[in-house]
Asker: 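If you scroll down you'll find the structure; I have some questions about it.
Worth saying up front: this structure is predicted, and the values here are computed from it rather than measured.
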Amino acid sequence: QVQLVESGGGLVQAGGSLRLSCAASGLTFGSYTMGWFRQAPGKEREFVAFIRWSGDSTYYADFVKGRFTTSRENAKNTVYLQMNNLKPEDTAIYYCAASPRWRPGTGSQGYDYWGQGTQVTVSS
């Protein structure tokens, strides 16, 4: 049974930082591309970033480039999302997702497994 468990969300002031973690179990973690998505109230889920198996290939949505960084520790079955210079518009539930595909793309359909999400709230 595959489980993805996010943690690290919370309330932060604009300009602050948070680091999200996603711990995976029940899958061969080093064989999966790991993605991050977010969903704000009243909006559709949107792609944030992904990191490929080896950790040396990443891709980001334009609105987080230069502010967010994703990384992974395959030995710990964990992927991270470091979020700096947070803005109120970053407020959302953040989800991690796992894909066996080298090119999962930026759509939800490219990912097979999902975590339950962690709330990030950025106050102005």
Asker: To the nearest 0.5 Å, what is the distance between CH2 on W102 and OG on S31?
Answerer: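 Spacing of CH2 (W102) from OG (S31) equals 11.5 Å.
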
Asker: Applying side-chain contact (heavy atoms from CB on, under 4.5 Å) to L20 and T118, what does each step give before you reach the verdict?
Answerer: CA-CA 8 Å; L20 306 183; T118 186; 4.0 Å; yes

Asker: Identify the two heavy atoms, one from V120 and one from G9, that lie closest to each other, and give their separation to 0.1 Å.
Answerer: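 Nearest pair, atom of V120 first, then G9: CG2-CA, 4.2 Å.
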
Asker: With heavy-atom distances below 4.5 Å as the criterion, would you say the side chains of P100 and D112 are in contact?
Answerer: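 Yes - at least one pair of side-chain heavy atoms lies under 4.5 Å apart.
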
Asker: Report the distance from atom CG of L4 to atom OH of Y32, rounding to the nearest 0.5 Å.
Answerer: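 It is 10.0 Å, given to the nearest 0.5 Å.
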
Asker: Side chains of M83 and R19: closer than 4.5 Å at any heavy-atom pair?
Answerer: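 No - every pair of side-chain heavy atoms lies 4.5 Å or more apart.
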
Asker: Taking C-beta and beyond as the side chain, do W53 and T33 meet within less than 4.5 Å on heavy atoms?
Answerer: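 Answer yes - side chains close enough.
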
Asker: Applying the 4.5 Å side-chain criterion to the ILVMFWY set and letting contacts propagate, would V64 and Y80 be lumped into a single cluster?
Answerer: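 No, it is not one cluster - the side chains of V64 and Y80 are not joined through contacts under 4.5 Å.
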
Asker: For the residue pair G105 and Y111, what are the closest heavy atoms and their distance?
Answerer: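 Heavy-atom minimum between the residues: O-OH, 3.1 Å.
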
Asker: Would you mind reporting whether F29 and K76 have side-chain heavy atoms less than 4.5 Å apart?
Answerer: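 When only atoms from C-beta onward are counted, F29 and K76 do not touch, as no gap falls below 4.5 Å.
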
Asker: For a quick test of reading the model, state the closest non-hydrogen atom pair linking G110 to S99 and the distance between them.
Answerer: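 Nearest pair, atom of G110 first, then S99: O-OG, 2.7 Å.
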
Asker: Are L86 and F37 co-members of a hydrophobic cluster defined by side-chain heavy atoms under 4.5 Å apart?
Answerer: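 They do not share one cluster, since no chain of ILVMFWY contacts under 4.5 Å joins F37 to L86.
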
Asker: Taking the six-membered ring of W114, is the NZ or CZ of R45 close enough (under 6.0 Å from the centre) and on axis enough (within 45°)?
Answerer: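 Yes - R45 lies over the ring of W114, closer than 6.0 Å to its centre and within 45° of its axis.
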
Asker: ring-ring contact (aromatic ring centres under 6.0 Å, His included) with F50: which residues, sequence neighbours excluded?
Answerer: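 For F50, the residues satisfying ring-ring contact (aromatic ring centres under 6.0 Å, His included) (neighbours in sequence not counted) are F47, Y59.
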
Asker: Does any non-hydrogen side-chain atom of V79 lie less than 4.5 Å from one of E73?
Answerer: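 A side-chain contact under 4.5 Å is absent here.
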
Asker: With rounding to the nearest 0.5 angstrom, report the CD1 to OG1 distance, I51 to T70.
Answerer: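 Between atom CD1 of I51 and atom OG1 of T70 there are 5.0 Å.
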
Asker: Only pairs under 3.5 Å count here: list side-chain donor-acceptor contacts from residues 89-97, not counting sequence neighbours, and write none if there are none.
Answerer:
unit_1	atom_1	unit_2	atom_2	d
D90	OD1	R38	NH1	2.8
D90	OD1	R67	NH2	3.0
D90	OD2	R67	NH1	2.7
D90	OD2	R67	NH2	3.4
D90	OD2	K87	N	2.8
T91	OG1	P88	O	2.9
T91	OG1	V122	N	2.9
T91	OG1	V122	O	3.4
Y94	OH	R38	NH1	2.9
Y94	OH	D90	O	2.7

Asker: With the side chain counted from C-beta on, respond yes when E46 and F63 share a heavy-atom pair under 4.5 Å apart, and no when they do not.
Answerer: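 Answer yes - side chains close enough.
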
Asker: How long is the gap from CG on N77 to CE on M34, to the nearest 0.5 Å?
Answerer: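 It comes to 9.0 Å.
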
Asker: Do V12 and T121 have side-chain heavy atoms sitting under 4.5 Å apart?
Answerer: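 SC-SC contact between V12 and T121 ruled out.
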
Asker: Distance check, rounded to the nearest 0.5 Å: L81 atom CG versus S71 atom OG?
Answerer: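 Reported to 0.5 Å precision, the distance equals 8.5 Å.
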
Asker: To the nearest 0.5 Å, what is the distance between OG on S25 and CD on Q3?
Answerer: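 Here the interatomic distance stands at 4.5 Å.
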
Asker: For Q82 and S17, work out which heavy atoms get closest and say how close.
Answerer: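 Taking every non-hydrogen atom into account, NE2-CB, 3.9 Å.
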
